[in-house]
Amino acid sequence: MKDCIKIVEENRLMKTKKRIFKFFTIADYIEQETWLTKMHQDGWQLVKIMFPILFVFEKTNQTQAVYKLDFKNKSADADYIQLYQDYGWEYVTSCEGWNYFRKIDSQVSDEEAEIFSDNESKIQMIQRIYTHRLLPIFLLFFGNLPLMLNVRNNVTSSVAHYIVTVYFTVFILLLIFGVYALWKLVKLKRSLK
Amino acid sequence: MLTEKLKKSYVPMTESGFYILYCLQTPQHGYGIGQRVKEMTNNGVSIGPGTMYGVLSKMESDQVITFVREEDKRKIYVITDLGKEILAIELKRIERLYKNSRGESIDED
(Lines give C-alpha, C1' and ligand atoms only; values in the text may rest on other atoms or scores of the structure.)
Protein backbone atom coordinates (compact mmCIF):
# COMPACT_ATOMS: atom_id res chain seq x y z
CA MET A 1 0.00 0.00 0.00
CA LYS A 2 2.75 2.38 0.99
CA ASP A 3 4.67 1.54 -2.17
CA CYS A 4 1.56 2.10 -4.20
CA ILE A 5 1.12 5.58 -2.76
CA LYS A 6 4.76 6.25 -3.46
CA ILE A 7 4.36 5.33 -7.12
CA VAL A 8 1.24 7.47 -7.46
CA GLU A 9 3.11 10.31 -5.79
CA GLU A 10 6.00 9.90 -8.20
CA ASN A 11 3.69 9.86 -11.17
CA ARG A 12 2.07 13.01 -9.98
CA LEU A 13 5.47 14.64 -9.56
CA MET A 14 6.57 13.55 -12.99
CA LYS A 15 3.61 15.21 -14.56
CA THR A 16 3.94 18.42 -12.64
CA LYS A 17 7.63 18.99 -13.32
CA LYS A 18 9.40 19.53 -16.57
CA ARG A 19 13.09 19.98 -17.29
CA ILE A 20 14.28 21.51 -20.53
CA PHE A 21 17.82 21.99 -21.76
CA LYS A 22 18.11 25.20 -23.72
CA PHE A 23 21.07 27.35 -24.52
CA PHE A 24 20.97 31.13 -24.68
CA THR A 25 23.96 33.43 -25.02
CA ILE A 26 24.21 36.51 -22.79
CA ALA A 27 22.81 38.61 -25.61
CA ASP A 28 19.61 36.56 -25.96
CA TYR A 29 17.71 37.86 -22.95
CA ILE A 30 14.77 39.16 -25.01
CA GLU A 31 14.42 35.71 -26.63
CA GLN A 32 14.51 34.18 -23.15
CA GLU A 33 11.73 36.49 -21.95
CA THR A 34 9.58 35.58 -24.93
CA TRP A 35 10.22 31.87 -24.52
CA LEU A 36 9.47 31.87 -20.76
CA THR A 37 6.30 33.87 -21.33
CA LYS A 38 5.23 31.35 -23.98
CA MET A 39 6.05 28.39 -21.68
CA HIS A 40 3.86 29.95 -18.99
CA GLN A 41 1.01 30.38 -21.46
CA ASP A 42 1.31 26.67 -22.16
CA GLY A 43 0.90 26.02 -18.43
CA TRP A 44 4.53 25.73 -17.31
CA GLN A 45 5.91 28.22 -14.84
CA LEU A 46 9.63 28.66 -14.28
CA VAL A 47 10.94 27.39 -10.95
CA LYS A 48 14.70 27.57 -11.26
CA ILE A 49 17.63 27.35 -13.63
CA MET A 50 20.46 24.94 -12.92
CA PHE A 51 23.74 25.58 -14.67
CA PRO A 52 22.91 28.19 -17.24
CA ILE A 53 21.19 25.68 -19.52
CA LEU A 54 18.77 23.53 -17.50
CA PHE A 55 15.37 25.15 -16.99
CA VAL A 56 13.04 23.60 -14.41
CA PHE A 57 9.31 24.23 -14.76
CA GLU A 58 6.24 23.19 -12.84
CA LYS A 59 2.63 22.93 -13.91
CA THR A 60 0.47 25.96 -13.32
CA ASN A 61 -3.18 26.80 -13.84
CA GLN A 62 -2.49 30.48 -14.09
CA THR A 63 -1.73 30.99 -17.76
CA GLN A 64 -1.25 34.73 -18.07
CA ALA A 65 2.16 36.01 -17.11
CA VAL A 66 4.97 38.20 -18.34
CA TYR A 67 8.64 37.36 -17.73
CA LYS A 68 11.44 39.92 -17.58
CA LEU A 69 15.19 39.63 -17.04
CA ASP A 70 17.49 42.12 -15.39
CA PHE A 71 21.27 41.82 -15.41
CA LYS A 72 23.02 42.88 -12.24
CA ASN A 73 26.61 42.15 -11.39
CA LYS A 74 25.88 41.87 -7.67
CA SER A 75 23.59 39.32 -6.02
CA ALA A 76 19.87 40.03 -5.84
CA ASP A 77 19.58 41.43 -2.32
CA ALA A 78 16.46 42.00 -0.25
CA ASP A 79 15.90 45.67 -1.12
CA TYR A 80 16.29 44.97 -4.84
CA ILE A 81 13.72 42.16 -4.74
CA GLN A 82 11.42 44.30 -2.55
CA LEU A 83 11.46 47.13 -5.09
CA TYR A 84 10.34 44.77 -7.84
CA GLN A 85 7.71 43.28 -5.53
CA ASP A 86 6.34 46.74 -4.79
CA TYR A 87 5.82 47.12 -8.52
CA GLY A 88 3.97 43.80 -8.65
CA TRP A 89 6.85 41.65 -9.94
CA GLU A 90 7.44 38.26 -8.38
CA TYR A 91 11.09 37.31 -8.05
CA VAL A 92 11.54 33.83 -9.53
CA THR A 93 15.24 33.00 -9.54
CA SER A 94 18.73 34.15 -10.42
CA CYS A 95 21.34 32.61 -12.65
CA GLU A 96 24.78 33.91 -13.61
CA GLY A 97 24.02 37.55 -12.89
CA TRP A 98 20.57 37.38 -14.48
CA ASN A 99 17.52 37.91 -12.28
CA TYR A 100 14.19 36.51 -13.41
CA PHE A 101 10.93 38.28 -12.62
CA ARG A 102 7.34 37.38 -13.40
CA LYS A 103 4.12 39.36 -13.27
CA ILE A 104 0.95 37.33 -13.11
CA ASP A 105 -2.00 39.31 -14.29
CA SER A 106 -4.29 39.15 -17.23
CA GLN A 107 -4.89 42.86 -17.12
CA VAL A 108 -1.38 44.31 -17.23
CA SER A 109 -0.98 47.31 -19.47
CA ASP A 110 2.02 47.54 -21.81
CA GLU A 111 3.59 50.03 -19.47
CA GLU A 112 3.24 47.78 -16.43
CA ALA A 113 4.68 44.87 -18.36
CA GLU A 114 8.03 46.64 -18.68
CA ILE A 115 10.76 46.88 -16.06
CA PHE A 116 12.70 49.56 -17.93
CA SER A 117 10.76 52.69 -18.75
CA ASP A 118 13.35 54.45 -20.88
CA ASN A 119 16.03 53.61 -23.43
CA GLU A 120 18.80 55.04 -21.27
CA SER A 121 18.28 52.35 -18.64
CA LYS A 122 18.09 49.62 -21.28
CA ILE A 123 21.43 50.83 -22.65
CA GLN A 124 22.83 50.90 -19.12
CA MET A 125 21.96 47.23 -18.68
CA ILE A 126 23.79 46.39 -21.93
CA GLN A 127 26.73 48.37 -20.58
CA ARG A 128 26.71 46.21 -17.42
CA ILE A 129 26.81 43.06 -19.58
CA TYR A 130 29.80 44.47 -21.49
CA THR A 131 31.80 45.25 -18.38
CA HIS A 132 30.95 42.29 -16.19
CA ARG A 133 30.53 39.48 -18.70
CA LEU A 134 32.00 40.18 -22.13
CA LEU A 135 35.17 41.94 -21.02
CA PRO A 136 36.19 39.05 -18.69
CA ILE A 137 35.60 36.55 -21.52
CA PHE A 138 37.88 38.45 -23.91
CA LEU A 139 40.50 39.05 -21.23
CA LEU A 140 40.47 35.35 -20.34
CA PHE A 141 40.87 34.39 -23.97
CA PHE A 142 43.58 36.81 -24.97
CA GLY A 143 45.36 36.42 -21.63
CA ASN A 144 45.59 32.67 -22.19
CA LEU A 145 46.34 32.77 -25.90
CA PRO A 146 50.16 33.08 -25.79
CA LEU A 147 50.34 30.31 -23.19
CA MET A 148 48.08 28.03 -25.21
CA LEU A 149 49.98 28.54 -28.44
CA ASN A 150 53.27 27.99 -26.67
CA VAL A 151 52.13 24.77 -24.98
CA ARG A 152 50.53 23.50 -28.18
CA ASN A 153 53.76 23.86 -30.13
CA ASN A 154 55.87 22.22 -27.47
CA VAL A 155 53.90 19.15 -26.41
CA THR A 156 55.32 15.86 -27.58
CA SER A 157 53.09 13.13 -26.15
CA SER A 158 49.85 12.48 -28.01
CA VAL A 159 47.72 12.52 -24.82
CA ALA A 160 49.00 15.93 -23.87
CA HIS A 161 48.42 17.07 -27.42
CA TYR A 162 44.83 15.81 -27.22
CA ILE A 163 44.18 17.63 -23.92
CA VAL A 164 45.62 20.86 -25.26
CA THR A 165 43.48 20.58 -28.39
CA VAL A 166 40.30 20.13 -26.33
CA TYR A 167 41.27 23.07 -24.14
CA PHE A 168 41.97 25.11 -27.25
CA THR A 169 38.61 24.21 -28.80
CA VAL A 170 36.73 25.24 -25.65
CA PHE A 171 38.45 28.61 -25.73
CA ILE A 172 37.68 29.08 -29.42
CA LEU A 173 34.00 28.30 -28.74
CA LEU A 174 34.03 30.80 -25.89
CA LEU A 175 35.46 33.40 -28.23
CA ILE A 176 32.85 32.67 -30.91
CA PHE A 177 30.00 33.08 -28.40
CA GLY A 178 31.68 36.22 -27.09
CA VAL A 179 31.98 37.76 -30.55
CA TYR A 180 28.40 36.78 -31.43
CA ALA A 181 27.10 38.32 -28.18
CA LEU A 182 29.11 41.49 -28.73
CA TRP A 183 27.80 41.87 -32.28
CA LYS A 184 24.22 41.37 -31.12
CA LEU A 185 24.50 43.74 -28.17
CA VAL A 186 26.07 46.46 -30.30
CA LYS A 187 23.13 46.12 -32.69
CA LEU A 188 20.62 46.22 -29.83
CA LYS A 189 22.28 49.24 -28.33
CA ARG A 190 22.28 51.06 -31.65
CA SER A 191 18.55 50.44 -32.05
CA LEU A 192 17.95 52.08 -28.67
CA LYS A 193 19.88 55.24 -29.44
CA MET B 1 32.64 68.43 -5.50
CA LEU B 2 30.94 69.02 -8.83
CA THR B 3 33.45 67.96 -11.45
CA GLU B 4 33.06 68.63 -15.18
CA LYS B 5 32.68 64.91 -15.80
CA LEU B 6 29.83 64.61 -13.31
CA LYS B 7 28.15 67.71 -14.68
CA LYS B 8 28.34 66.27 -18.16
CA SER B 9 26.65 63.05 -17.09
CA TYR B 10 23.82 64.80 -15.24
CA VAL B 11 23.14 67.97 -17.25
CA PRO B 12 20.87 67.62 -19.14
CA MET B 13 19.20 64.90 -17.13
CA THR B 14 16.94 62.13 -18.36
CA GLU B 15 13.28 62.58 -17.50
CA SER B 16 13.40 59.71 -14.98
CA GLY B 17 16.62 61.07 -13.49
CA PHE B 18 15.16 64.53 -13.05
CA TYR B 19 11.97 63.35 -11.34
CA ILE B 20 13.87 60.98 -9.04
CA LEU B 21 16.35 63.63 -7.94
CA TYR B 22 13.59 66.22 -7.56
CA CYS B 23 11.51 63.89 -5.37
CA LEU B 24 14.49 63.05 -3.18
CA GLN B 25 14.47 66.54 -1.73
CA THR B 26 12.43 64.67 0.86
CA PRO B 27 13.65 61.20 1.97
CA GLN B 28 11.87 58.43 0.09
CA HIS B 29 12.24 54.84 -1.15
CA GLY B 30 12.16 53.71 -4.78
CA TYR B 31 8.52 52.68 -5.06
CA GLY B 32 7.45 55.80 -3.12
CA ILE B 33 9.27 57.98 -5.64
CA GLY B 34 7.53 56.17 -8.48
CA GLN B 35 4.12 56.75 -6.94
CA ARG B 36 4.88 60.41 -6.22
CA VAL B 37 5.97 60.97 -9.84
CA LYS B 38 2.75 59.39 -11.09
CA GLU B 39 0.73 61.75 -8.89
CA MET B 40 2.73 64.82 -9.89
CA THR B 41 2.41 64.10 -13.61
CA ASN B 42 -1.12 62.68 -13.56
CA ASN B 43 0.22 59.29 -14.70
CA GLY B 44 2.16 60.98 -17.52
CA VAL B 45 5.51 59.69 -16.33
CA SER B 46 5.93 56.21 -14.94
CA ILE B 47 9.30 54.78 -13.94
CA GLY B 48 9.77 51.01 -14.06
CA PRO B 49 11.56 49.12 -11.26
CA GLY B 50 14.63 48.32 -13.39
CA THR B 51 15.03 51.96 -14.37
CA MET B 52 14.40 53.10 -10.77
CA TYR B 53 16.98 50.72 -9.33
CA GLY B 54 19.57 51.62 -11.97
CA VAL B 55 19.19 55.37 -11.50
CA LEU B 56 19.24 55.13 -7.68
CA SER B 57 22.38 52.94 -7.71
CA LYS B 58 24.19 55.25 -10.09
CA MET B 59 23.18 58.39 -8.20
CA GLU B 60 24.25 56.80 -4.91
CA SER B 61 27.67 55.83 -6.26
CA ASP B 62 28.11 59.34 -7.70
CA GLN B 63 27.16 60.73 -4.25
CA VAL B 64 24.35 62.76 -5.72
CA ILE B 65 22.00 61.04 -3.27
CA THR B 66 22.74 59.17 -0.07
CA PHE B 67 21.31 56.19 1.76
CA VAL B 68 19.43 57.21 4.90
CA ARG B 69 17.98 54.06 6.43
CA GLU B 70 16.19 50.85 5.63
CA GLU B 71 12.48 50.38 6.34
CA ASP B 72 10.86 46.96 5.73
CA LYS B 73 13.62 46.00 3.28
CA ARG B 74 13.14 49.30 1.41
CA LYS B 75 16.14 51.58 1.13
CA ILE B 76 15.39 55.22 1.79
CA TYR B 77 17.51 57.86 0.07
CA VAL B 78 17.83 61.63 0.20
CA ILE B 79 19.54 64.23 -2.01
CA THR B 80 23.05 65.40 -1.00
CA ASP B 81 24.52 68.92 -1.25
CA LEU B 82 26.18 67.87 -4.48
CA GLY B 83 22.82 66.63 -5.75
CA LYS B 84 21.18 69.95 -4.80
CA GLU B 85 23.86 71.79 -6.78
CA ILE B 86 23.14 69.66 -9.85
CA LEU B 87 19.38 70.01 -9.41
CA ALA B 88 19.71 73.82 -9.23
CA ILE B 89 21.64 73.90 -12.52
CA GLU B 90 19.09 71.61 -14.12
CA LEU B 91 16.13 73.63 -12.84
CA LYS B 92 17.62 76.79 -14.29
CA ARG B 93 18.10 75.07 -17.64
CA ILE B 94 14.53 73.80 -17.67
CA GLU B 95 13.20 77.23 -16.74
CA ARG B 96 15.10 78.76 -19.62
CA LEU B 97 13.75 76.09 -21.93
CA TYR B 98 10.23 76.75 -20.70
CA LYS B 99 10.49 80.53 -21.08
CA ASN B 100 12.01 80.25 -24.53
CA SER B 101 9.33 77.79 -25.58
CA ARG B 102 6.75 80.47 -24.78
CA GLY B 103 8.59 83.01 -26.87
CA GLU B 104 10.01 84.86 -23.86
CA SER B 105 13.68 85.72 -23.71
CA ILE B 106 15.98 85.37 -20.74
CA ASP B 107 16.89 88.42 -18.63
CA GLU B 108 19.93 88.61 -16.41
CA ASP B 109 20.77 85.59 -14.28
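A note on names: the letters A, B, ... follow the listed sequences, proteins ahead of strands, and every chain is numbered from 1.
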Rounded to the nearest 0.5 angstrom, the CE-OG distance for B/Met52 and A/Ser117 is 8.0 Å
Looking only at A/Asn99, A/Asp70, A/Ile81, A/Asp118, most heavy-atom pairs under 4.5 Å shared with chain B are made by A/Asp118
message: Are more than 12 heavy atoms, taken from residues, nucleotides or ligands other than B/Glu4, located less than 6.0 Å from that residue's CD atom?
response: no
The reported gap from CD in A/Glu120 to CD in B/Glu15 (rounded to nearest 0.5 angstrom) is 9.5 Å
Heavy-atom nearest pair, B/Gly50 first then A/Tyr84, reads CA-OH, 3.1 Å
The interface call for A/Lys72 against chain B, heavy-atom contacts under 4.5 Å, is side chain
B/Pro49 and A/Leu83 have their tightest heavy-atom pair at O-CD2, 3.8 Å
### Message
Are B/Leu91 and B/Met59 linked, directly or through intermediate hydrophobic residues, by side-chain heavy-atom contacts shorter than 4.5 Å (ILVMFWY only)?
### Response
yes
For B/Gly34 and A/Tyr87, the nearest pair of non-hydrogen atoms, with its separation, is CA-OH, 3.9 Å
Is it the case that A/Glu111 and B/Ser46 place a side-chain donor and acceptor less than 3.5 Å from each other? yes
Hey, is CZ on B/Phe18 packed in by over 12 heavy atoms from elsewhere, all under 6.0 Å?
yes
Count I, L, V, M, F, W, Y as connected when their side-chain heavy atoms are under 4.5 Å apart, and connections chain through other members. Are B/Leu97 and B/Val45 then in the same cluster? no
Rounded to the nearest 0.5 angstrom, the CD-NZ distance for A/Gln124 and B/Lys58 is 6.5 Å
Hey, quick one: are A/Phe177 and A/Phe51 part of the same hydrophobic cluster, counting side-chain heavy atoms closer than 4.5 Å, chains of contacts allowed?
yes
Query raised in the report: Distance-only, no hydrogens or angles: does the B/Tyr31 side chain make a donor-acceptor pair with backbone N or O of A/Gln85 under 3.5 Å?
Result: no
Turns out that what part of A/Asp77 lies under 4.5 Å from chain B's heavy atoms comes down to side chain
*Other residues, nucleotides, ligands: >12 heavy atoms within 6.0 Å of B/Asp72 CG*: no
Rounded to the nearest 0.5 Å, the CG atom of B/Leu56 sits from the OH atom of A/Tyr80 at a distance of 13.0 Å
Between B/Lys73 and A/Gln82 the two heavy atoms that sit nearest each other are O-CB, 3.7 Å
Report task. Can you establish whether the number of heavy atoms outside B/Tyr98 located under 6.0 Å from its atom OH is more than 12? Result -> no
Practice task
Look at atom NZ of A/Lys59 and say whether more than 12 heavy atoms of other residues, nucleotides or ligands are closer to it than 6.0 Å.
Solution key: yes
Cluster overlap B/Met13 with B/Val11, hydrophobic side-chain contacts below 4.5 Å:
yes
